[in-house]
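Structure first, then comments.
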Amino acid sequence: MSKLTDSIKAKAKSLNKTIVLAEGEEERVIRAASIITQEGTANIVLLGDEAVIKSKCPDVCLDGVTIINPITSSKTIEYANLLYELRKAKGMTEEKALILAKDVLFYGALMLKTGDADGMVAGAIHSTGDVLRAGLQVVKTAPGCKTVSSCFLMSMPEGSVGYQYGQDGVVVFGDCAVNPNPDSEQLADIAIASADTASKLAGIVEPRVAMLSFSTKGSAKHENVDKVVEATRIAQERAPQLSIDGELQADAALVEVVGKLKAPTSTVAGKANVLIFPDLQSGNIGYKLVQRFAGAEAIGPICQGFAKPINDLSRGCNVDDIVSVVAMTAVMAM
Ligand code: ACO
């Protein structure tokens, strides 16, 4: 576990947030709930049938963990009514709302919507799409942001060549997991949300956001470059307090001597610590290459832009991964 993950856990412990683990009947989740509770990282709500949960891991102490069964909960009807009101214009019926309110992902999202929990973590057995869709339909986006997106905290090993980049070797990459082909408006949202995650989670004191392209300041002409130029303009207009610049090639964004040469007046070129990729293909490929070639720890995907934090687990996650993602979610609920 990296220093960064340790510091996120320490921060979470001071916050006393309530995080719902929707897949409460899954063994890895039950074991994580016990550890998180014993370490005091967050208050945990497990969703599922208490008898099933206890029989899955009879050796695990669940003192202090709240267990709620969405099928029998006294709140399910109230949640179903809320879901119906939220989605009736989109074709939701009262019958369908009641069925969905008994689904762990929707029940968890409704807990966030009503303020009964501060954040949700799921994805150990559900797909990314299913987890995000419950959030998108119920929790929706944060004020001023229309796009849910994701980023990775890329933590380079100490002593490696990559450690010279970012803050203490940490560079934030967005969006690498959610929006296949963002338009300029969405790219601007991704940039602003990634800067926020960089300061909240990675402790990056001054996020410097580079809008990446295969062109630097007009060196190439193409409609894909135009999209990044427009996104930069929108992001700068929406968040004038942030250092955001583009379009920049990756070397111009990261390497001081190249930045000075290609974009001499830029306040970001050569010292970027947040990299915004123009689409999901480049973002997803980019983070995996850095993870493999540089041996970087890829912490994420961290979902950003929701009105309350929801984070998606990999289906291959282990108990420690779940513990870390819960800590991040608690910090994001700050
Ligand atoms: N931000 C904000 N709102 C959104 C977004 C978004 N990114 N995407 C969809 N919405 C809105 C829709 O407009 C819709 O609004 P409305 O119904 O209130 O009008 C609502 O959210 C629900 O949308 P759906 O149509 O139900 O969802 P959709 O089918 O668009 O799927 C999803 C959204 C799940 C995020 C999809 O884009 C997706 O699957 N993305 C890729 C995820 C993925 O597989 N990533 C790669 C693997 S992860 C990894 O490698 C680490």
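Order of appearance sets the numbers: ligands from 1, and atoms from 1 within every ligand. All residue numbers refer to positions in the sequence shown, counting from 1.
Considering all non-hydrogen atoms of both residues, G162 and M156 come closest at O-CG, 3.3 Å.
Among protein heavy atoms, atom 40 (N) of ligand 1 sits closest to V178 O, 3.0 Å. When only non-hydrogen protein atoms are considered, atom 7 (N) of ligand 1 lies nearest to N179 OD1, 2.8 Å. Among protein heavy atoms, the minimum distance from atom 1 (N) of ligand 1 is reached at V148 N, 2.8 Å. Nearest protein heavy-atom neighbour of atom 19 (O) of ligand 1: K90 NZ, 2.7 Å. Of the protein's heavy atoms, Q137 CG, 4.0 Å lies nearest to atom 22 (C) of ligand 1. Remark: minimum distance from atom 25 (O) of ligand 1 to any protein heavy atom is reached at R133 NE, 4.9 Å. Closest to atom 18 (O) of ligand 1, if we only count protein heavy atoms, is R87 NH1, 2.9 Å. What sits closest to atom 9 (C) of ligand 1 on the protein, heavy atoms only, is L136 CD1, 3.6 Å.
Within a 4.0 Å radius of atom 14 (C) of ligand 1, the protein has no heavy atom. Protein heavy atoms are found inside the 4.0 Å sphere centred on atom 5 (C) of ligand 1. In this structure, atom 32 (C) of ligand 1 is not in close contact with the protein, since no protein heavy atom lies within 4.0 Å of it. Within a 4.0 Å radius of atom 27 (O) of ligand 1, the protein contributes one or more non-hydrogen atoms.
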*Applying side chain to side chain donor-acceptor pair (under 3.5 Å), run through N179 and S149 and close with a yes or a no.*
CA-CA 6 Å; N179 296 281; S149 63; 4.9 Å; no

*Take S324 and D321, measure what side chain to side chain donor-acceptor pair (under 3.5 Å) needs, and give me the verdict at the end.*
CA-CA 5 Å; S324 299; D321 296 332; 5.8 Å; no

*Please lay out, stage by stage, how T232 and Q236 fare under the test side chain to side chain donor-acceptor pair (under 3.5 Å).*
CA-CA 6 Å; T232 306; Q236 287 169 337; over 6 Å; no

*Tell me, with the steps shown, if D189 and T147 meet side chain to side chain donor-acceptor pair (under 3.5 Å).*
CA-CA 6 Å; D189 274 343; T147 312; 2.8 Å; yes

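Taking any N or O of T128, backbone or side chain, none lies under 3.5 Å from an N or O belonging to ligand 1. Geometrically, ligand 1 and T141 share no nitrogen or oxygen pair separated by less than 3.5 Å.
Assignment of K140 to the shell around ligand 1 is not supported, since no heavy atom sits closer than 4.0 Å.
Using a distance-only test at 3.5 Å, with no hydrogens or angles considered, a donor-acceptor pair links the side chain of T216 to the main chain of Q249. A donor-acceptor distance shorter than 3.5 angstrom exists from the side chain of K56 to the backbone of E25, with no hydrogens or angles considered. Checking side-chain atoms of N311 against main-chain N and O of I302 turns up no donor-acceptor pair under 3.5 Å.
Under a 4.0 Å criterion applied to the non-hydrogen atoms of Y287, ligand 1 contributes the atoms 51 (C). The ligand atoms of ligand 1 that sit less than 4.0 angstrom from a heavy atom of T147 are 1 (N), 2 (C). Within ligand 1, the atoms closer than 4.0 Å to a non-hydrogen atom of L132 are 35 (C), numbered from 1 in the order shown. Listed by number with element, the atoms of ligand 1 under 4.0 Å from a non-hydrogen atom of N284 are 49 (C), 50 (O). Atoms of ligand 1 found under 4.0 Å from any heavy atom of K146, numbered from 1 in the order shown, are 1 (N), 2 (C).
With sequence neighbours left out, the side chain to side chain donor-acceptor pair (under 3.5 Å) criterion links R87 to no other residue.
Counting heavy atoms only, A177 comes closest to atom 45 (N) of ligand 1 of the residues G129, C303, A177.
A salt bridge links D245 to K217: at least one charged side-chain nitrogen sits closer than 4.0 Å to a carboxylate oxygen.
Among the candidates E26, E23, R133, the single residue satisfying the side-chain hydrogen bond (donor to acceptor under 3.5 Å, both in side chains) test with H126 is E23.
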N/O donor-acceptor pairs under 3.5 Å from side chains in residues 194-205, not counting sequence neighbours:
unit_1	atom_1	unit_2	atom_2	d
S194	OG	I190	O	2.7
S194	OG	Q304	NE2	2.9
T197	OG1	A193	O	3.1
T197	OG1	Q304	OE1	2.7
S199	OG	A195	O	3.4
S199	OG	D196	O	3.2

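Between F152 and Y287, the angle of the ring planes stays under 30°, which puts this pair in the parallel group of the 30/60° scheme.
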